[in-house]
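Values in this document were obtained by computation on a predicted structure and should not be read as measured data. Reckoned from all heavy atoms, side chains included, excluding hydrogens, waters and symmetry mates.
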Amino acid sequence: MSRTNLSMSISADGYVAGPSQSEDNPLGIGGPALHTWHIGPGADHPVNRQVMSDMMDGMGATIMGRNMFGPVRGDWGTSDWKGWWGDEPPYHCPVFVLTHHAHEPIEMSGGTTFFFVTDGIEAAYDQAVSAASDRPISIAGGASCARQAIAAGIVDEIDLQLSPELLGSGERLFDGFAPGRPAMELVRVLEAPGVAHLRYRVLR
């Protein structure tokens, strides 16, 4: 059975994106500061390189929310949006995008094809399992997609890249869960300048 990993950069006060997300500011106010460990001077640190490799290499399928895919809202209409990542996205595997509005698949260079799933996280997961062929599955975000995946019980491990930044508002990862849920066990701690990489196993 495919292992499902959820990996997200997170602030010290629990936010994975800042307020006022937009096409010009997709991570919200203050959100880019959560990602300096892999976008900026920290990218070449050996620990950060290991974490990026864990996150991206060898994945059989990826699931993400529509907000992570792009800023287009409502019906797709005539939009030609193909994601934030240019002609060759970094996923190199099938990517299943949660949306309420149907869209034809978008095939990109480098092995990434975006498939748009209108019937929920469980359906996206079933398609991801079929596509992954026992390779790992990545839950890429954003916050709503991650919360749905956790609530559906499909996440096996959660990697958090913990930044000392305080965003104050925005999108929290663990909003809406009962106390003690999800139950997690800390299984790995790695450190690089300005970031602690925490891996939790989800207990069932």
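Rounding to the nearest 0.5 angstrom, the gap separating the CD1 atom in Ile121 from the SG atom in Cys145 is 4.5 Å.
A donor-acceptor pair is defined here as one N or O able to donate and one able to accept, closer than 3.5 Å; such a pair exists between the side chain of Ser130 and the backbone of Asp126. The backbone N or O of Val155 sits nowhere less than 3.5 Å from a side-chain atom of Arg3 that would complete a donor-acceptor pair. The backbone N or O of Pro71 sits less than 3.5 Å from a side-chain atom of Arg73, completing a donor-acceptor pair. Side-chain atoms of Trp76 come within 3.5 Å of backbone atoms of His101 as a donor-acceptor pair (strictly under, hydrogens ignored). Using modelled atom types, one side-chain atom of Tyr15 and one backbone atom of Gly168 make a donor-acceptor pair closer than 3.5 Å.
A donor-acceptor contact closer than 3.5 angstrom is absent between the side chains of Thr112 and Glu88. Between the side chains of Ser11 and Asp13, a donor-acceptor pair is found at a separation under 3.5 Å. Side-chain N/O atoms of Ser163 and Trp37 include no donor and acceptor closer than 3.5 Å. Checked by atom type, the side-chain pair Asn5/Asp156 shows no donor-acceptor distance below 3.5 Å.
Screening His38, Met52, His197 for a side chain to side chain contact (heavy atoms under 4.5 Å, CB included) involving Gln161 leaves a single residue, His197.
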Pair Arg188-Leu190, side chain to side chain contact (heavy atoms under 4.5 Å, CB included): steps then yes or no: CA-CA 7 Å; Arg188 188 180 78 173; Leu190 301 175; 3.6 Å; yes
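Salt bridge status for Arg135 with Asp57: absent, with no side-chain N to carboxylate O gap under 4.0 Å. A salt bridge is defined here as a Lys NZ or Arg NE, NH1 or NH2 lying under 4.0 Å from an Asp or Glu carboxylate O, and Arg201 with Glu157 fails to meet this definition. Using a 4.0 Å cut-off between charged side-chain N and carboxylate O, Arg147 and Glu171 make a salt bridge.
Two different hydrophobic clusters hold Val117 and Val97 under the rule that ILVMFWY side chains link at heavy-atom gaps under 4.5 Å. Both Met68 and Met56 are members of a single hydrophobic cluster when ILVMFWY side chains are connected at heavy-atom separations under 4.5 Å.
No side-chain heavy atom of Asp159 sits under 4.5 Å from any side-chain heavy atom of Leu198. Taking 4.5 Å as the limit, some side-chain heavy atom of Asp54 sits within range of a side-chain heavy atom of Arg199.
Annotation: Phe69 is in aromatic contact with Phe116 [ring centroid separation under 6.0 Å].
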